Structures are given as C-alpha cells and as structure tokens.
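Scroll down for the structure; my scribbles are underneath it.
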Amino acid sequence: MHYKDELAEVLAKETDTEKSIFFALLEIPPQADMGDLALPCFRLAKELKKAPNLIASELKEKISGQLAWLQRTEVVGGYLNFYVDPAQYAKAVLQNGFAGSKAPGSGSEGKGKTVLVEYSSPNIAKPFHVGHAFSTLVGEAIANLYEYRGYDVKRLNHLGDYGTQFGKLIAAWRHWGSEEALAEDPITELNRVYVKFYRELGNNPELEDEGRLYFKRLEEKAPEEYELWKLFRDLSLKAFDKIYDRLDIKFDSMLGESFYSDKIPAVIDRLRAMGLLEESEGAQVVNLDSYDLNPCLILKSDGATIYASRDIAAVYYRDETWDFYRNIYVVGAPQKNHFQQVFAVLKEAGFPKADQCIHVAFGTVRFADGIFSTRQGNVILLNDLLAESVAKTKVIIQNNNPDLPMEEVDRIAESVGVGAVRYTFLRNGRERDIVFSWDDMLDFEGDSAPYLQYTFARCSSIMRLAEANGTWPFDPKEINTAHLAGEEEQAIIKLQDGFETAVLEALDSHEPSIMLRNTSQLARAFNRFYNSRSILHAENKEVMKARLILTESTRTYLKAGLEIAGIDALDRM
RNA sequence: GGGCGUAUAGCUCAGCAGGAUAGAGCAACAGCCUUCUAAGCUGUGGGUCGCAGGUUCGAAUCCUGCUACGCUCGCCA
C-alpha cells in the first residue's frame, strides 16, 4: 500500500519530524471500522508533553484536504484513524495489479540467482510414509515460492541411500530375505527384514557389528555388497517415482548421500590442511567450542564416513555445480544441531557461502500416543492416506453432482483428495508437530484445500455463465469502482492488496503458511460477498460488471495461492 | 545437567519488530437452498493468552525466574 508512505510524508512535513518515525508508528487497525491506517499518539505525547488525543486532533486539522485518497480522519482515544476512499482503493488494487493479465504477487528480483532446495529425501528400502510428506510438501511449496519471485530453483532429493543402516539391511537380507517377496513388493520385503533386524538385536547383539562391517565393505565397493545395495536402491527409486508422479513433483537431482562418498577425501584434506581436524577417542573431529557447539565428527574411528562429512562434501559439490545463491535444507527439526555443526565447520574451513546455507526445520508427524517409527512398523503410508482422501472426495462429488461422467469424477477427486492432504501439511507454522488423525486429515470443511478449491470453482462458474450470456470478457477499466465500496467488497480488495506482501513474507521466513493464510482469508471474504450480493443478477449492468471484475480477480489470486502450494485449481467440482 | 523449541477457546491453530473489546476453523446449538455450485453463508455460547515477578502510559507480544511437554548433546541419519 503506497498510502502509508504518502501519509507518513505529509505528517512529517506538518510536524517537522523525521518521516521514518511516522512510517514506523503507522499501523493497520485491528478492525475495518477503525479505518485503514491508524496513528497511535501515545509515544508522541511523551515527547511533546501533550495529551494523545489533543495531538491526534491537531494532526487531523493539519493534514485535512492534503491527500486526495483520504476520505476522512477520526480521533478515537489516543488514535488518529485514517479512512481511505474505497472507490479509489478498489481502483488502485484492481487495475494496478489486475489479475487477468499476470500472476499476482509474482516478481523478478530472483533473476539470475540459483536457489537449491533440498527436500523429501526419503531413505531407500523404507516405506514412504506420512512423515515424509512434511519435507516433500513444504519443500515443494518453498521451491515454488522462490520460482514465483524469479529465482532459478533446483530441486534436490538428497536420498538416504548410504550409511551404516544399509550395512544392517544387507545383514538382515542375508539372514532372512526372500527373493520372491522382493520381486513382488520390494519395499515391503526390505522393510520386513529391517524391522526383524531390530527385533533380533536384543538376543543377538553381534548383528550390530555385522552391519557396520558390511557398510565398511560397501564403502570400499566390495562387489557383493555393492551389487546388493544397488539393487535395493533401484527398486526403491521405482517405488518413489510413483509417489512423486502423483504429487506432480519433479526433481532436478536425485543424487543421494552415496554420491558424495568419494568426494570426502578432498574435504578431509582441506580440513587437515587448515589444521582443523583433531583426533578424539580414535575419531577425527572438528572442534567447535568457539560456536558453543559440540565437536563435529568427520571420520569414525574405523575410518568410515558419517553423515556430517557427506553433507559437507555435498555443499562444495553443489556450489561448484550450481554456484548457488542459497542452499536450503528442508529437513526435520531434530537435525537442527547437525546443521549448525555442518555450517560451522564450513565457516571454519573458510567457505564463503556458509551463511547462505539455511536449515528450514519442520515438526514431527506423530500419533497421539507416540512417534512414527519404521523400525517398529508403526507407520501410515502416504499413498494410503492419499487413497483414503481421494475415495472420500469421490463420494462427495457423486452426491453433489450425480450427472458428472465417471472420468471427470475421478480426475476431480484425485486433485481435491491430494490437495486436501497437501494443505494440512502447509496451513500451519511448519515447526509445529502434527498429531496424525484421520478425522483432521479428511476434514473438507472450513479452512481446508477443498474449501479454497470450491471457492475457486464457484468463481469460475460465475465467469463461465457471464461469458455464456455475452457480458464477459470486457475491459476491466470500464468498471465503476464506486460499486465496490461496500464492506464485503472492500474486505476482498484488502486481501488482494496484501497478497504480494504475504508471498514475500512467506519467502523470507520460508513459511508457506503465511501466504496460504491470505489465500484462505480471501476465499472466506469472497464467500461472504457471494452470499450477500447477487453478481449476475445485480441491480444494473454497471454494478454487475464491477462485481464480475472482483470475481475474476479473486479467481486469479486464489489460483496463484493454490498453485504455489501445489494444489490444483479446478474450474468445476 | 547444557542447548533448542513449544505452552492462547473443549479440539486444531493464527496473532507475538508492545497498542484500541485477544481472532479463525472444527465440534455444540439456532437459522438460510423455486434465484449465480449449501465442500457455502448468518447468528449464539465458549478465554486467569502455562505460573510468578519485572519494564512500560499500555504486555498474549519484551526481560527474569519457575513448571510441563517435545527434540537434541561424536562414532545412526
């Protein structure tokens, strides 16, 4: 809103004060009837030694008539409230960024800057469960946000395809694996033997050493272990592809941890050359006392690498490959400490972009009575959740619209069902844990993706009818925005005005929920408008046109918000 | 024990670079479909903003202490 800037300038001029003081003081009142901007005069009262409402009324006099867009001002308590002329406001918002022509809230400041977003990153040979949805869906939304502002985004899936756990898996497979079962359903079979491994560990502790040995051999590329591992990896990737197809997510790189294994010696050399490596209890570590962090383990006492060393090697590789502007990790909050250590080691090693590496943490998905655990076989598969959601959606569509052809029903149900799941992972602050509940996941009313999609479809429906009767399209400049001065209309316009700010804030804080909140509020505001006004049967053609433009721009904003979140905007549902 | 995080309506969450009566959704109750999609809308009830201090004209928001829960603190990732 440019109004704030102009207002601050006039206030500053009239009082002979710094403009920035007023700019900082001016705020948006909590309620629409308190105006569009407000100046709390309490702080000024202290300096000027005058009562706040006296200051407010003096300022009211001084600025009167100076700003064309200012409809009126009012003194309430110690506040000076400013009311923007609604018709002019509507005009500015609707025509300035009239949606029909471009993606609202988009920008190009990211041009030429490459942002790497690492997300999803499931472990191979393990089921893709609901817990992975968090990283996958939040990561995709963040990648979309960056793209929306013009950044060149590379989506990286840092597969968990390496580490001692695969030594353990090989051990488990050799003890209990079945070829037939593997051919039938690889992930289930691999998971079965892996779970068994942990069950057996109690009576058979030497299994642990066996696993470590096999991993050591894998890292030395011993043929038997390597071939087995490669088979497991290929089978897993095929299974993951199905999920990513369904979510319409395409990665630019699927290089897993294993890829960095042979790039670690160079890292070790570098750290050693800088005198950073120390021996401690037989392992090689980097001391991070000056960062108030525990030492970072680089090499295990058996000489094998560990995840920290692989992550460090990956940063160097990524920068050489992509010359990144930012390197973002969408990885769970429990790994905060790990990333602090990795970034600190990079800093110590003199890597110039250490501060451009960012860990975007998110909460844990858990059951009311405990955590998801692959080892205990206590998980819900993402695919099962999606299937359930789509099935429920299908029933609703068929009830509402019995005449729709089956094919159409299936297509809509897929979009809405998947969208509903996406939205539950995106709508709240990402650092909050999600307690899994079927009821909450499959609640399609109120603040949910289907609600947003429904509102979008509603807008589309109206525009379709307007087109059919020949009133749409027309030049948006024709409309008389005085017809959009009502409370319901202004609420919509305010939210559209705030969309770009919401996108930018969401990007800055890597928090898609901030953007989605605006979209959700817009949908609500539109539904209120829809229920209180007749659009196609408005009192006259001029009013109808104004309302149609409001509908069309709402449609465009809703689509933008939904698509950044990765949710389909459907014209019918 | 050290570090990080969380605590707001019965439930799920916004609000937290201090500001005007603390907001949504769900659930509950009462209404609105011969008219643009009722996955919608309107209304009602529901709050010691974890506890105790402090700073301030003003604190859910800032500071200190405490409590509860979660995560984390080298050879897993």
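Everything quoted here is computed from the prediction, not taken from an experiment. Protein chains get the first letters and strands the later ones, always in sequence-line order, with residue 1 at the start of each.
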A:F166 and A:Y162: aromatic ring centres closer than 6.0 Å?
no
Side chains of A:H359 and A:F343, heavy atoms from C-beta outward: is any pair under 4.5 Å?
yes
Could you give the [atom1]-to-[atom2] distance, from [X] to [N], as a whole number of Å?
X      : N     : atom1 : atom2 : result
A:R524 : B:G40 : CZ    : P     : 8 Å
A:R430 : B:U12 : CZ    : C1'   : 19 Å
A:R555 : B:U37 : CZ    : P     : 14 Å

With a 3.5 Å cut-off and just heavy-atom distances, do the side chain of [X] and the base of [N] make a donor-acceptor pair?
X      : N     : answer
A:S280 : B:G74 : yes
A:D447 : B:A14 : no
A:S461 : B:C36 : no

Pull up the glycosidic torsion of B:G31 and say syn or anti, syn being anything within 90° of 0.
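Anti, which is what one calls it when the glycosidic angle falls more than 90° from 0.
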Is the base of B:C33 syn or anti, if syn means a glycosidic angle within 90° of 0?
syn
Nearest of B:A39, B:C41, B:A20 to any side-chain atom of A:P29?
B:A20
Closest to side chain of A:K300, choosing from B:C76, B:A39, B:G5
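My answer, after comparing the listed nucleotides, is B:C76.
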Tell me yes or no: between the side chains of A:R555 and A:S460, is some donor less than 3.5 Å from an acceptor?
yes
For a quick check of understanding: with a heavy-atom distance under 4.0 Å over all strands, which category does A:N81 fall into, base, sugar-phosphate or nothing?
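Base contact.
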Check this for me, if you would: do A:R547 and A:E539 make a salt bridge, where the nitrogen-to-carboxylate-oxygen distance has to be below 4.0 angstrom?
yes
